[in-house]
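Heads up: the structure comes next, in structure tokens.
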Protein chains: 2
Amino acid sequence: MASSDNSRLSLLLSKLEKWAEFSGADREAVLSLPYKIRSYSPAQYIARDGDRTEYCSLLLSGYAYRSKIVGDGGRQIVAIHIKGDMVDLQNGVLGIADHNVQALTAIEVALMPRGAILDIVQQHPAVARAMWHETLVDGSTQREWTTNVGRRDAQARLAHLLCEFGLRVEAAGLGSRTHYDLPLTQEQLADCLGLTPVHVNRTLKVLDRQNLITRTLRSVRIDDWDRLAGAGDFNSTYLHLDSNSRALDPATPMRLSA
Amino acid sequence: MASSDNSRLSLLLSKLEKWAEFSGADREAVLSLPYKIRSYSPAQYIARDGDRTEYCSLLLSGYAYRSKIVGDGGRQIVAIHIKGDMVDLQNGVLGIADHNVQALTAIEVALMPRGAILDIVQQHPAVARAMWHETLVDGSTQREWTTNVGRRDAQARLAHLLCEFGLRVEAAGLGSRTHYDLPLTQEQLADCLGLTPVHVNRTLKVLDRQNLITRTLRSVRIDDWDRLAGAGDFNSTYLHLDSNSRALDPATPMRLSA
DNA sequence: CGCCGGTTTGAGTCCATTCAAGAGGAGTGG
DNA sequence: CCACTCCTCTTGAATGGACTCAAACCGGCG
């Protein structure tokens with residue numbers, strides 16, 4: 001466990017500090033978490049369903065995804081992760097993986113031993129609270145995904161996903177919400193959306209023909225954000241991107257219009 | 001905020017203690033959380049999407065559910081909660097509700113102020129860890145629901161839901177896994193499963209005709225658990241019902257057979 | 001150049017939906 | 001105690017969105 005140059009964990013620190021007020025000691029503790037860097041190539045497993053997990057991983061670069069396999073061989077992708085996400089907090093803390101975690105592109109992760117995570121949350125309440133928040137936001141996103149596959153048609157599902165990606169990629173500083181890399185094959189998109197690859201292909205074409213998006217190879221340009229968000233029934237609240245929950249601003253609560 | 005007789009929070013305590021080793025002070029702190037009891041009648045809102053939330057609620061009796069509404073008016077039920085569940089931890093801690101929480105039956109809840117929850121996790125790491133666990137298990141369940149609506153056909157979806165209910169109801173001491181109250185209308189079942197009420201009706205009949213279940217009014221008898229679990233592609237791992245994660249037993253990791 | 005994974009397109013099928021109407025059950029008020 | 005109403009459940013028939021199967025196309029790469 002080489003604890004060499006810990007500056008790579010500053011990514012984690014800045015993420016966590018969005019959610020709680022950190023003391024100097026808290027920051028110090030995060031930055032001195034033991035970790036090792038590891039690379040994975042596309043499709044490689046970070047964790048497999050059923051595995052005992054020893055590490056929590058912070059995604060340093062690239063994209064990763066979580067998936068579950070059903071009885072007939074079908075696959076559901078339940079989450080996509082980008083730079084700065086803790087990709088294995090749930091599996092790591094619960095101790096046993098209830099789903100697969102795989103690299104989508106070539107990635108780099110910082111592996112932190114499960115015990116070190118449990119220790120730091122034991123000793124640093126602010127860190128604990130921030131990680132808990134992280135988990136809560138993941139949960140919120142997951143509910144939205146359930147809703148997406150459960151109650152929207154193919155076009156809305158896809159539009160919704162593209163909007164979510166845009167905002168998250170932008171928030172992570174990886175591009176603009178209207179033009180970003182989308183390193184998913186149509187088959188993987190289908191597995192995110194509960195559709196078949198063939199139908200994803202057709203649906204993409206429909207969005208393109210309506211001048212909502214322009215597809216180039218593995219990247220997307222959103223030509224009309226507002227109309228795409230409308231088509232996707234997209235409301236960004238669930239992403240909790242505004243980090244003002246600790247000092248909740250007095251703005252009027254939003255309400256769905258429909 | 002009447003902090004009168006705190007014995008009702010022992011339900012919360014016993015749940016949390018499954019996930020972390022509590023000291024006497026930890027127990028004391030949980031039991032002396034301020035709360036007030038409130039009743040809701042069926043369909044009444046505990047929280048609405050977009051609301052500022054001031055309380056976290058512990059469900060003392062009855063059933064509740066979370067839902068999201070989509071643009072065309074459709075509803076997705078994203079979780080069902082039973083006695084002992086914290087029904088509003090996410091909304092309460094994040095401070096703004098990203099979905100609705102409603103009573104399914106007549107219910108009683110213990111409302112605890114958001115601030116008190118934040119305080120206790122600040123001062124009692126074991127409590128924080130236990131609540132975090134609670135959230136992680138919720139997240140795991142949510143991933144399974146996403147998978148259920150995304151990648152299983154109507155029959156499997158319904159069978160899966162019935163199995164999940166059975167185990168959870170049994171774990172909460174409310175009945176047996178093979179015979180329990182199911183206070184959902186077929187419309188509500190449909191909204192859990194991403195189906196229409198009409199199709200739920202037909203699918204129930206299919207399960208009945210295959211002698212997997214027997215339906216009586218608002219309750220279910222599972223006649224052949226193993227076959228139903230097979231039909232529903234059900235594997236209970238994701239519920240994390242075995243509370244041995246803090247002292248992980250050395251059993252071989254489970255792997256899916258398919 | 002020829003392979004190979006991914007994309008595109010077409011045609012036919014099917015699972016679930018929609019629309020519609022009737023039956024059952026519980027509660028209410030006359 | 002019965003009539004009435006409302007809600008839920010049930011069933012049928014027709015429709016449709018997404019799927020399956022299958023073949024062709026494309027672009028990158030060895």
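Computed from a predicted structure; not experimentally measured. Throughout, a chain's letter reflects where its sequence line sits, starting with A, and its residues are numbered from 1.
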To the nearest angstrom, how far is [X] atom [atom1] from [N] atom [atom2]?
| X | N | atom1 | atom2 | answer |
| --- | --- | --- | --- | --- |
| B:His199 | D:dG12 | NE2 | P | 15 Å |
| A:Leu189 | C:dT7 | CG | C1' | 12 Å |
| A:Leu204 | C:dT8 | CG | P | 8 Å |
| B:Asp208 | D:dT10 | CG | C1' | 13 Å |

Within-4.5 Å side-chain heavy-atom neighbours: [X] and [Y]:
| X | Y | result |
| --- | --- | --- |
| B:Thr203 | B:Arg157 | no |
| B:Thr135 | B:Met86 | no |
| B:Val149 | A:Gln76 | no |
| B:Tyr65 | B:Asp191 | no |

Under 3.5 Å, is there a donor-acceptor pair between the side chain of [X] and the main chain of [Y]?
| X | Y | result |
| --- | --- | --- |
| A:Thr146 | A:Gln142 | yes |
| B:Arg218 | B:Pro183 | no |
| A:Asp98 | A:Asn91 | no |

Tabulate below the donor-acceptor pairs under 3.5 Å that side-chain atoms of residues 224-231 of chain A make, not counting sequence neighbours, or state none.
from     : atom 1 : to       : atom 2 : distance (Å)
A:Asp224 : OD1    : A:Asp226 : N      : 3.4
A:Asp224 : OD1    : A:Arg227 : N      : 3.1
A:Arg227 : NH2    : A:Gln210 : O      : 3.0

Can we say A:Asp85 and A:Lys15 salt-bridge, meaning some charged N sits less than 4.0 Å from an Asp/Glu carboxylate O?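 Answer for the salt bridge query: yes.
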* **Enclosure of B:Arg221 CZ (heavy-atom neighbours >12, cutoff 6.0 Å)** =>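 For B:Arg221, atom CZ is not crowded (no more than 12 foreign heavy atoms under 6.0 Å).
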Counting only heavy atoms from other residues, nucleotides and ligands, does the tally under 6.0 Å from CD of B:Gln44 exceed 12?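 Atom CD in B:Gln44 is crowded, with more than 12 foreign heavy atoms closer than 6.0 Å.
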Show each protein N/O and nucleotides 5-9 of chain D N/O combination with a separation under 3.5 Å, one pair to a line.
from  : atom 1 : to       : atom 2 : distance (Å)
D:dT8 : O3'    : B:Arg218 : NH2    : 3.0
D:dC9 : OP1    : B:Arg218 : NE     : 3.4
D:dC9 : OP1    : B:Arg218 : NH2    : 3.4
D:dC9 : OP2    : B:Gln186 : N      : 2.8

Which parts of residues 145-155 of chain B get close to DNA chain C, meaning a heavy atom less than 4.0 angstrom away?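 Within this stretch, B:Asp153, B:Ala154 sit under 4.0 Å of the strand.
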Protein and nucleotides 10-13 of chain C: nitrogen or oxygen contacts under 3.5 angstrom:
from   : atom 1 : to       : atom 2 : distance (Å)
C:dG10 : N7     : A:Arg202 : NH2    : 2.4
C:dG10 : O6     : A:Arg202 : NH2    : 3.3

Only distances under 3.5 Å count here; give the side-chain donor-acceptor pairs of residues 193-201 of chain A to other protein atoms, sequence neighbours excluded, each with its distance to 0.1 Å.
from     : atom 1 : to       : atom 2 : distance (Å)
A:Thr196 : OG1    : A:His199 : N      : 3.4
A:Asn201 : ND2    : A:Gln186 : OE1    : 3.0

_Taking the axis from the first five pairs and the axis from the last five, what angle separates them in the helix from C:dC1-D:dG30 to C:dG30-D:dC1, rounded to 10 degrees?_
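Nearest ten degrees gives 30° for this helix.
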**Message:** Check the orientation of A:Tyr238 and A:His160. Use parallel for under 30°, tilted for 30 to 60°, and perpendicular for over 60°.
**Reply:**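 Correct class here is parallel.
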